[in-house]
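Worksheet: one structure, shown below.
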Amino acid sequence: MPELPEVETIRRQLEPRVVGAEIVDAGSHWSAKFTPAAGAVGAEIMAVRRRGKYLLFDLSGDEELIVHLGMTGRLAVRERTAEALEHPHLRAWWDLDSGGRLTFHDIRRFGRIHHVERGDHRGIPTLAALGPEPWDPAFTGRHLAAFVKRSDRYVKTLLLSQRPVAGIGNIYADEAFWIARINPATRRLGPQRAERLVEGIRTALDSGIKHGGTTLRDYVDSDGQAGANQHELHCYGRFGEPCDRCGTIMRRRVIDARSTTWCPSCQPR
DNA sequence: GTACGGCCCTGTTAGC
DNA sequence: TGCTAACAGGGCCGTA
C-alpha cells in the first residue's frame, strides 16, 4: 500500500525516464477513475513531482496529470508490446515518443487519475486540503497540537485524513506513534507529545524512503523490485509479538476502521 | 464546517 | 477439496 515513501521512491525512478518525453498515445480502463489518462496525449512531461501520496506530472500547456496509486497501484516504464495492453490489471497507459510506455497497473482499482489545468485541484478534495509535507518547517508540534485541539477525533484518524500533514498511511502512522511512545487511541496532544509525534513521523518516513518503501504484499517500485523497509518495522502488523523496546506483547485494535498495533507498556493511555 | 457510515474493489486467508 | 465469508484499507460522497 503506497504511502509517502513508496510514492517518493517511484517518483525518483520515473523522473529520469519520462521527463522530456512527449505522450503520443494513451488509453485506459473504462472506469471514470482512469479515463482522464487519455487527456494527456500530445503533451510533453516537464517534471514529476509529489505531494503527499499524489504523483503530479507537470505537462506542457499548463496541464497536470495526477496519479494516486490507491492500495495496489504500480507505475512503471516498460517496452511497448501489444500483449501488455491485454493485462487484466492494466488501468492506464501512456506511450512516449522515446519509445517506452508508462503503465499503471492497479489490482483493486482504488487508484485514481486526474487531468487538470496545472494547480487546479478543486476536483480532488484531499489534495486541495492537503497539509504540509512532513519536512516542511511549517509542520511543527505547535501546528499539530493546534490541529488536534480543534477536533475530538482520534489523533491517528486526523493523521490519516492528510490534513495536518501529507503522506501518512496506516503503516507509518503506527510506526510514528510507536517511535513517539504515544498511544494511537489518544484524542489529545500537549506541546511536548505533539513535538515527539512530529519527530516520530519524520523518523518513520525517513526510514521508509531510505529503504525503498515497505512491501507487505503488493508494493513494488517502478523497476518491479520490492522495498526493504518491512524489515525495519517496529510496530505495524506486529501484534502478538514482543515489543522491540521492552518485550511486552504488542496489541491490536481497530481505530476508525483501521487496524492499529501498539505496545501497551511503551505507549500507555 | 465537521463527523461518520457506506462504498468502491479483488486477492488472500480462515473457517466450515 | 471446495465453497463462503471475512479481511485488507485510502479517499470520495451523501447524510446528519
Side-chain angles (χ1 to χ4, degrees), chain A residues 1-10 28-36 50-56 66-75 87-92 104-116 120-131 133-134 146-177 184-188 201 204-205 208 213-220 226-227 229-230 233 235-240 252-262:
Chain A
M1 51 203 83
E3 302 182 28
L4 188 154
E6 290 75 36
V7 177
E8 178 61 22
T9 299
I10 290 169
S28 75
H29 181 272
W30 55 265
S31 168
K33 292 178 179 181
F34 308 114
T35 51
R50 180 193 55 73
R51 271 289 278 138
K53 305 176 202 174
Y54 292 85
L55 269 175
L56 313 173
I66 301 169
V67 178
H68 193 291
L69 298 173
M71 295 286 297
T72 55
R74 299 176 178 183
L75 276 171
H87 192 284
H89 298 149
L90 182 68
R91 306 308 181 198
F104 179 54
H105 289 78
D106 183 13
I107 295 172
R108 279 183 240 182
R109 287 200 255 159
F110 272 36
R112 276 168 197 273
I113 295 170
H114 303 268
H115 178 242
V116 299
D120 181 5
H121 300 154
R122 287 173 296 178
I124 313 167
T126 302
L127 180 56
L130 203 58
E133 290 291 310
F147 219 101
V148 169
K149 198 173 182 179
R150 289 199 297 269
S151 170
D152 286 328
R153 310 200 77 184
Y154 291 116
V155 174
K156 177 170 179 178
T157 303
L158 288 176
L159 291 182
L160 296 181
S161 78
Q162 308 300 306
R163 288 168 189 255
V165 61
I168 310 294
N170 206 31
I171 296 173
Y172 293 98
D174 276 11
E175 292 299 303
F177 279 104
T186 188
R187 297 175 193 266
R188 289 278 159 258
I201 288 167
L205 294 174
T214 300
T215 297
L216 296 172
R217 185 173 297 169
D218 297 298
Y219 169 72
V220 293
N229 197 58
Q230 61 278 13
L233 298 181
C235 185
Y236 176 84
R238 295 196 59 236
F239 53 90
R252 173 188 183 273
R253 64 170 286 187
V254 175
I255 294 179
D256 284 335
R258 298 293 180 254
S259 178
T260 301
T261 303
W262 84 102

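Labels below follow one simple rule: chain letters A, B, ... track the order of the sequence lines, proteins then strands, and each chain is numbered from 1.
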| Of the non-hydrogen atoms in A:Arg188 and A:Asp152, which two are nearest, and what is the gap between them? | NH2-OD1, 3.2 Å

| Separation of B:dG11 P from A:His87 NE2 (nearest whole Å) | 10 Å

| task | Would you kindly give the CD1-to-C1' distance between A:Ile66 and C:dG11, to the nearest whole Å? | result | 14 Å

| request: Mind checking salt bridge (charged side-chain N to carboxylate O under 4.0 Å, His left out) for A:Arg122 and listing every partner two or more places apart, or none if nothing turns up? | output: A:Asp120

| message | Applying side-chain hydrogen bond (donor to acceptor under 3.5 Å, both in side chains), can you list everything that pairs with A:Thr35, at least two apart in sequence or on another chain? | response | none

| field | Under the ring pair (Phe, Tyr, Trp, His ring centres under 6.0 Å) test, residues paired with A:His89 that sit two or more places apart | value | A:His87

| request: Rounded to the nearest 0.5 Å, what's the gap from CG on A:Leu75 to CG on A:Leu55? Could you check? | output: 6.0 Å

| Set of residues satisfying ring pair (Phe, Tyr, Trp, His ring centres under 6.0 Å) with respect to A:His29, sequence neighbours excluded | A:Phe34

| query | What integer distance in Å separates A:Arg74:CZ from B:dG11:C1'? | reply | 12 Å

| message | Holding to side-chain hydrogen bond (donor to acceptor under 3.5 Å, both in side chains), I want the full list of residues that pass it with A:Arg253, two or more places apart in sequence or in another chain. | response | none

| said: How bent is the helix from B:dT2-C:dA16 to B:dC16-C:dG2, measuring the angle between the end axes built from five pairs each, rounded to 10°? | reply: 50°

| Partners meeting salt bridge (charged side-chain N to carboxylate O under 4.0 Å, His left out) with A:Arg51 (sequence neighbours left out) | A:Glu133

Protein-nucleotides 7-9 of chain B N/O pairs closer than 3.5 Å?
unit_1	atom_1	unit_2	atom_2	d
B:dC9	O4'	A:Arg108	O	3.4

| query | Base, sugar-phosphate, or nothing: which does A:Tyr154 touch, judged by heavy atoms less than 4.0 Å apart? | reply | nothing

| Side chain of A:His89 (C-beta onward), nearest among C:dA8, B:dG11, C:dG10 | B:dG11

| Touch class at under 4.0 angstrom, heavy-atom based, for A:Gln162 against every strand present | sugar-phosphate

| task | Please list all pairs passing the salt bridge (charged side-chain N to carboxylate O under 4.0 Å, His left out) test where one or both residues lie in residues 163-174 of chain A, with sequence neighbours left out. | result | A:Lys156-A:Asp174

| side-chain hydrogen bond (donor to acceptor under 3.5 Å, both in side chains) involving A:His121 - partner list, sequence neighbours excluded | A:Glu64

| query | Looking at C:dG10, C:dC13, C:dG9, which one has an atom nearest to any side-chain atom of A:Pro125? | reply | C:dC13

| request: Take the protein atom NE2 of A:His121 and the nucleotide atom P of C:dG11, then report the distance between them rounded to whole Å. | output: 15 Å

| query | Checking all strands, does A:Ser161 fall into the base, sugar-phosphate, or nothing category for heavy-atom contacts under 4.0 angstrom? | reply | nothing

| Has A:Tyr236 got a side-chain N or O lying under 4.0 Å from the OP1 or OP2 atom of C:dG9? | yes

| remark: B/S/- along nucleotides 1-6 of chain B (protein heavy atoms under 4.0 Å) is --SS--

| task | Please list, chain by chain and in numerical order, all residues satisfying side-chain hydrogen bond (donor to acceptor under 3.5 Å, both in side chains) with A:Arg112, sequence neighbours excluded. | result | none

